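Here is the structure we will look at, set down as structure tokens.
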Amino acid sequence: MSVPPHLLPFWNEFLLATGTADHGRYYDVCIFGDSEKLADELADLVLRGVKRATAGSLWSYEDQGIRPPRPGDLSIVTAWPGQPLCIIETQAVDVVPYNEVTAEFAAVEGEGDGSLAYWLESHRRYFEQECARAGRQFDERMLLACEKFKVIYQPQPRMA
């Protein structure tokens, strides 16, 4: 995949600041959530180091024509309108059914109160909506790519 043109200046700043030269590790642009409010809340959790994981359905990756993330992948996290915020590196990916997501993963994902009960409830709603939009039926056995990541680049705010 290639970095979208509007994000190239941010990507190039990252490369220069970190001395990274492996352009082939770029994976995707991450906008967490499916609404502006949720995307901004989740991006804030990422920037504060609370959210260090995410989950996506395997069929969603297939529908988009992209592979699931792999360890070492680099992604640009943006706010809803597309403003780049940071770069994350995928640390691990486990493919598990929705109904086998662990309490440990829910805690690392860092949403709500961090409990498995919260994760199951909120993600069930999310995946039900995602399935409905794609003409699919939610199934508790649907496979998810459960990705753990870390922020590896977050530029310092510029002084005015």
Side-chain angles (χ1 to χ4, degrees), residues 1-96 98 101 104-112 114 118-119 122-123 125-127 129-131 133-134 136 142-160:
M1 295 188 203
S2 59
V3 178
H6 73 284
L7 295 174
L8 271 174
F10 184 80
W11 181 256
N12 289 331
E13 284 177 26
F14 156 69
L15 295 176
L16 187 60
T18 62
T20 303
D22 188 357
H23 296 276
R25 291 177 58 201
Y26 172 76
Y27 174 65
D28 200 8
V29 173
C30 291
I31 300 174
F32 295 107
D34 59 359
S35 69
E36 184 171 1
K37 182 178 186 288
L38 182 58
D40 291 346
E41 288 172 5
L42 297 179
D44 181 62
L45 292 176
V46 170
L47 293 174
R48 291 190 293 125
V50 175
K51 180 175 178 59
R52 302 177 322 272
T54 192
S57 64
L58 286 190
W59 62 259
S60 178
Y61 290 110
E62 291 169 8
D63 285 355
Q64 295 174 57
I66 60 173
R67 64 168 173 77
R70 295 189 292 234
D73 285 345
L74 302 176
S75 298
I76 301 172
V77 176
T78 70
W80 184 259
Q83 170 196 4
L85 302 172
C86 67
I87 294 181
I88 58 174
E89 179 180 22
T90 302
Q91 301 294 295
V93 179
D94 294 312
V95 176
V96 298
Y98 164 88
V101 168
E104 183 268 337
F105 182 81
V108 173
E109 192 157 348
E111 297 176 23
Y118 179 90
W119 191 96
S122 65
H123 284 76
R125 283 193 312 267
Y126 176 83
F127 288 123
Q129 292 171 358
E130 184 180 63
C131 286
R133 285 191 300 268
R136 294 181 182 257
M142 64 189 278
L143 294 177
L144 304 180
C146 294
E147 174 189 7
K148 293 180 183 174
F149 59 80
K150 71 176 179 178
V151 174
I152 62 166
Y153 177 70
Q154 182 178 348
Q156 298 299 316
R158 293 192 170 108
M159 302 303 256

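Note that the structure is a prediction, hence the values are computed from the model and not measured.
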Shortest non-hydrogen contact from Tyr26 to Pro4?
OH-CD, 3.3 Å
With sequence neighbours excluded, residues passing side-chain hydrogen bond (donor to acceptor under 3.5 Å, both in side chains) with Gln154:
none
Residues 59-80 vs ring pair (Phe, Tyr, Trp, His ring centres under 6.0 Å), sequence neighbours excluded, gives none
Just verifying a value: how many Å separate Ile76 CD1 and His6 NE2, rounded to the nearest 0.5 Å?
8.0 Å
Looking at every heavy atom in both Ile88 and Cys30, which two are closest together, and how far apart are they?
CD1-SG, 4.1 Å
Working to the nearest 0.5 Å, report the span between OH of Tyr153 and CG of Leu85.
12.0 Å
Would you say the side chain of Val46 lies within less than 4.5 Å of the side chain of Val151, judging by non-hydrogen atoms?
yes
What's the spacing between Leu144 CG and Thr54 OG1 if we round to 0.5 Å?
10.0 Å
Check this for me: does any side-chain nitrogen of one of Arg67 and Asp73 sit under 4.0 Å from a carboxylate oxygen of the other?
yes
Closest non-hydrogen atom pair, Pro69 against Thr90:
CB-OG1, 4.1 Å
Angle class for the His123/Trp119 ring planes (parallel below 30°, perpendicular above 60°, tilted otherwise)?
parallel
Are the ring centres of Phe32 and Tyr126 closer than 6.0 Å?
no
Mind checking whether Pro68 and Val95 have side chains closer than 4.5 Å, heavy atoms only?
no
For a 4.5 angstrom cut-off between non-hydrogen side-chain atoms, does Phe14 reach Leu74?
yes
Tightest non-hydrogen contact, residues Leu45 and Gly110, listed as CD1-O, 3.6 Å
Minimum heavy-atom distance between Pro71 and Gln91, given as atom pair plus value
CB-O, 3.6 Å
Inter-residue atom distance Leu7.CG - Asn12.CG, 0.5 Å rounding
11.0 Å
For the residue pair Pro84 and Trp11, establish whether any side-chain heavy-atom pair is separated by less than 4.5 Å.
no
Is any side-chain heavy atom of Phe10 closer than 4.5 Å to a side-chain heavy atom of Val3?
no
Provide the full list of salt bridge (Lys or Arg N to Asp or Glu O under 4.0 Å) pairs with a residue in residues 49-60, sequence neighbours left out, each pair given once.
Lys51-Glu109, Lys51-Glu111
For residues Ser57 and Arg136, determine if any side-chain heavy atom of one lies less than 4.5 Å from a side-chain heavy atom of the other.
no
Nearest 0.5 Å please: distance from the CD1 atom of Ile66 over to the CG atom of Asp28.
4.5 Å
Can you confirm whether Arg70 sits close enough to Tyr27 that some side-chain heavy atom of one is under 4.5 Å from a side-chain heavy atom of the other?
no
To the nearest 0.5 Å, tell me how far Asp63 CG sits from Arg133 CZ.
12.0 Å
